[in-house]
Structure formats: structure tokens, C-alpha cells
Amino acid sequence: MKNKFKKLAPFLSLLLIFSFVLAPSLCALTVTADTAFSEYDGGFDYAAVMSEPRISEADTAPVSLSASDLKNMKLYPGGIPFGVKFMTEGILVVGFCDISSGNKKTNPSGEAGLRTGDRIISVNGKELLSAEELTRAVEQSQGKALSIVYLRDGSRHTTSLTPAYCKNEKCYKTGIYVKDNGAGIGTVTYIDPKTLSFAGLGHGICEGQSGSLVPIQRGSVVDVTINGAIKGQKGTPGEVKGSFKAGKTGTLLKNTSCGVYGVYANLPKGLPSEPLSLCLRDGLKEGKAYIWCTLDSAGAQKYEIEISNIDRNATEGKCFTVKVTDPALLAKTGGIVQGMSGSPIIQDGKLVGAVTHVLINDPTTGYGIFIENMLSAGQQSVMPRAA
């Protein structure tokens, strides 16, 4: 089966279909089209998100589920939208910008050895919780060297960075683009009726340039109003249009390559079905299935798809091919669009997985993930309720 996937790869590009934006600081950041959030709410409540419990490494570790656990499990299928607001773990370096200092241009961060993808975690021994704190330390440095601790590929490094004075802005600068928070919209895949823990997306929230998982420190779950969708075309991904509602409805618990996980304070409204049994990879078959997703104010709707090219050995998010065949969905969106990521897939009355990717050159086609892959990455020994 793997050969079938390889035949598609040379001419079809993949896109993770979660719509989000990472907010910039220090310098302007251009967000690429494949990660643009359609109606960002214009602000970020640092205090509210920072009040959330910190995500630990233990929270992100996958667990093994027994065959008996999976056989007896029943989950609400999602199909409803959810929003997340989160703080990154460390201050992410996403680019560089030279500074005009005197009669020359300089880049203190580059000279200090920093690279795109590094995570700055402390300055002069003080842990950084936001990009604002980094800005303050730089501007108050008076041009003296700062001791910077950063993470690169999981290893801790220390460097000395001497800020340069920018005459135009009359302050000291480092010469980097950074970001410390993000927000976006996806689709809930399932909710556990016993704990109200949930999963969505079917893939992780990734940094737009490197494609690597965004390390999340804390996060809130919020309700979303869906206003419609932009139709996808060959070479141009479509997008679900939505905006955040006020307040929080849950807590974000982890970000993994198989999905985003959290817990609701209360069972959300608009779920399309009672809890369903699961169909695991060995029981999945090629042929008809359907998805639940929300594309407008009508709420979660059912759309027919076709499953093929099942790779039963797949461990992450590209386990089988999904092709949209429903005329109503094709007319509305052209196929799979950003924001549909996580849409639950049902076959023969059982929950089998979620939609994860779209092929940019063919928006009618994408990939899905097995439900047990999402469950393995998401389960915890204790799943706390949101406050």
C-alpha cells in the first residue's frame, strides 16, 4: 500500500488543514497563506492564557491502550468547531532583520549564533514568559551584553548577545523576528463522555516555516462562530471562515503529531450523534464513509467520502486516502479546506478516524488518521476537568 502513497507524492503537495496564526513581536511577521487565520480577533489576553496550568512533558507522552479498552470504548463524534489560544514554550525565533546602527547595518542575534527555530528561554538568568519580557530586557540593556539561554533540537545552549542601538526607533534591538503566542480554528474529532476530554485536528499545530510542532506552554479552548467557507481550487487551499466567541470553554492539554488535545468544562452543544463504538485499522475497509463538519451557521452536517489506499502500518496522520464525493460539499467548498482538519470519519456506524490533510493541487482529496493513533497520543492516566 505504501507504493500507492509514493505515486501521489511527486506532483501533489500536502497542507495541514488547521487554520491558525502565531502572533509576532519585536518586528513585523508575515504569515504565509497556508497558516493564515481568517478572522483573528485582534488581541491576545496573556493573563487569561497564562492562568492555565502549564503543560508538562508527562502530559505529552503517548500511552498504550489495550484491545479491550478500545473494543469497549464509545466516543461522541465531533464535527463541531473549536478555537485555541496558546502561549509557546520559550520565545520562538522565526526570522532575522538587520538593524541600521550608525553608518552600518548589523544583526546582533545572527552574530550571537541564533538560528530560525531556536527557542529563547531566559535572559540574564531570568525565565522568559513572553516576547514582551524579551523586548523589555533588550531595551533596558543600554547596549550591554545579555546572557541568552536557548533550546535547539532539544539541547540547551548559552550565548552572549549585545543589542544594537537603532537610531530610527531610538531603542536597542536584537535583529530577530519572534513569536510567543498563537490562535486558530479546527474541528473536534471526538469527546470522551466520561471525562469530557477531546481531540481535534488529527495532526499537530506546526510552525509555518519549519513545519515542526509548536511547543505549547499553556492554552485555552474557546467556542467559535463559523460564518462560511472560501472554496478551494487547484493550487489554492480554501478556508473555513470563523471568529472566536468571548470566554473560555476548556483547557488545552497537549499538541502532538497526531492531534491537539484538551478537556471541556461542559459537554458542548451541537454534537451530531450519541457516542459511537470504534472501528480500528484492521476493520477499516475501502469504500464509502462520511464525515461530520461545520461550514456555516447550520451546524455540523454529514457529507459522503470515499476511503482508499489504507496503510495499516501508519503511525501518524497519513493512514489512508480520503476523497470527497458528496455533491453538496463539493459545491460549497470544492472539497477539503483549512479548518476541516479533525472532521470525524464514520464508516458502518463506527468512528474510524479523522481528516488531516488536503492535497493542494486536488482539493477533493486528502488523508485521514486512524482513531487509535489519535487515542494513543492523547490518553492520560488522569484527565483533569477544566476550571
Side-chain angles (χ1 to χ4, degrees), residues 17-20 37-41 74-85 183-193 196-202 220-232 238-250 259-260 262-276 288-305 322 324-347 349-356 358 363 366 368 371 374 386:
I17 48 175
F18 173 57
S19 186
F20 79 102
F37 177 55
S38 56
E39 291 187 18
Y40 187 53
D41 63 354
K74 286 191 174 184
L75 301 170
Y76 283 105
I80 59 174
F82 72 104
V84 294
K85 296 182 178 182
I185 290 176
T187 299
V188 174
T189 302
Y190 66 77
I191 301 174
D192 187 328
L196 299 191
S197 59
F198 77 93
L201 305 190
S220 296
V221 179
V222 297
D223 278 341
V224 171
T225 298
I226 298 299
N227 304 315
I230 298 174
K231 194 171 184 178
E239 182 181 7
V240 175
K241 301 283 287 183
S243 55
F244 292 155
K245 293 182 180 180
K248 82 162 195 172
T249 55
V260 172
V263 59
Y264 279 111
N266 298 288
L267 188 68
K269 298 179 181 179
L271 293 173
S273 166
E274 292 299 311
L276 300 177
K288 290 184 179 181
Y290 63 88
I291 63 173
W292 287 103
C293 62
T294 301
L295 301 173
D296 52 35
S297 60
Q301 301 294 313
K302 179 178 176 181
Y303 300 103
E304 191 172 287
I305 62 167
V322 173
V324 175
T325 57
D326 195 294
L329 185 55
L330 291 171
K332 185 170 291 189
T333 65
I336 303 167
V337 298
Q338 294 179 90
M340 285 173 60
S341 187
S343 297
I345 302 174
I346 316 298
Q347 187 178 68
K350 294 184 177 182
L351 179 61
V352 305
V355 178
T356 62
V358 62
I371 188 63
M374 293 187 71

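Bear in mind that the values here come from a model prediction, so they are computed numbers and not experimental data.
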Original post:
Who passes salt bridge (charged side-chain N to carboxylate O under 4.0 Å, His left out) against Lys350, sequence neighbours left out?
Top reply: none
Mind checking the [atom1]-[atom2] spacing from [X] to [Y]? Nearest 0.5 Å is all I need.
X      : Y      : atom1 : atom2 : result
Leu276 : Tyr76  : CG    : OH    : 10.5 Å
Lys74  : Glu274 : NZ    : CD    : 10.0 Å
Tyr303 : Leu330 : OH    : CG    : 11.0 Å
Met340 : Thr333 : CE    : OG1   : 5.5 Å
Asn227 : Lys241 : CG    : NZ    : 8.5 Å
Ser341 : Ile336 : OG    : CD1   : 9.5 Å

Subject >> Working for side-chain contact (heavy atoms from CB on, under 4.5 Å), residues Leu295 and Lys332 >> reply: CA-CA 9 Å; Leu295 301 173; Lys332 185 170 291 189; 3.7 Å; yes
**OP:** Could you check Ile346 against Leu351 for side-chain contact (heavy atoms from CB on, under 4.5 Å), going step by step and ending with a plain yes or no?
**Re:** CA-CA 5 Å; Ile346 316 298; Leu351 179 61; 3.8 Å; yes
Looking at every non-hydrogen atom in both residues, tell me the closest pair between [X] and [Y] and how far apart they are.
X      : Y      : result
Tyr290 : Lys302 : CD1-CG, 3.3 Å
Lys288 : Gln347 : O-NE2, 3.2 Å
Lys231 : Ala331 : NZ-O, 3.5 Å
Met374 : Ala199 : CE-CB, 3.8 Å
Ile345 : Ala289 : CG2-CB, 4.1 Å
Phe244 : Gly83  : CE2-CA, 3.7 Å

Original post:
Do Ile80 and Leu271 pass the side-chain contact (heavy atoms from CB on, under 4.5 Å) test, and can you show the C-alpha distance, the side-chain angles, and the key distance before you say yes or no?
Top reply: CA-CA 7 Å; Ile80 59 174; Leu271 293 173; 3.8 Å; yes
Original post:
Is a side-chain N or O of Thr189 found less than 3.5 angstrom from the main chain of Gly342, in a donor-acceptor match?
Top reply: yes
Original post:
What do the steps show when you test Val337 against Val358 for side-chain contact (heavy atoms from CB on, under 4.5 Å), and what is the final call?
Top reply: CA-CA 7 Å; Val337 298; Val358 62; over 6 Å; no
Taking the side chain as every heavy atom from C-beta outward, state whether [X] and [Y] have any pair of such atoms under 4.5 Å apart.
X      : Y      : answer
Pro268 : Val188 : no
Thr294 : Thr187 : no
Leu201 : Phe82  : yes

**OP:** With sequence neighbours left out, write down each residue that passes side-chain contact (heavy atoms from CB on, under 4.5 Å) with Asp223, or none if nothing qualifies.
**Re:** Lys245, Thr249
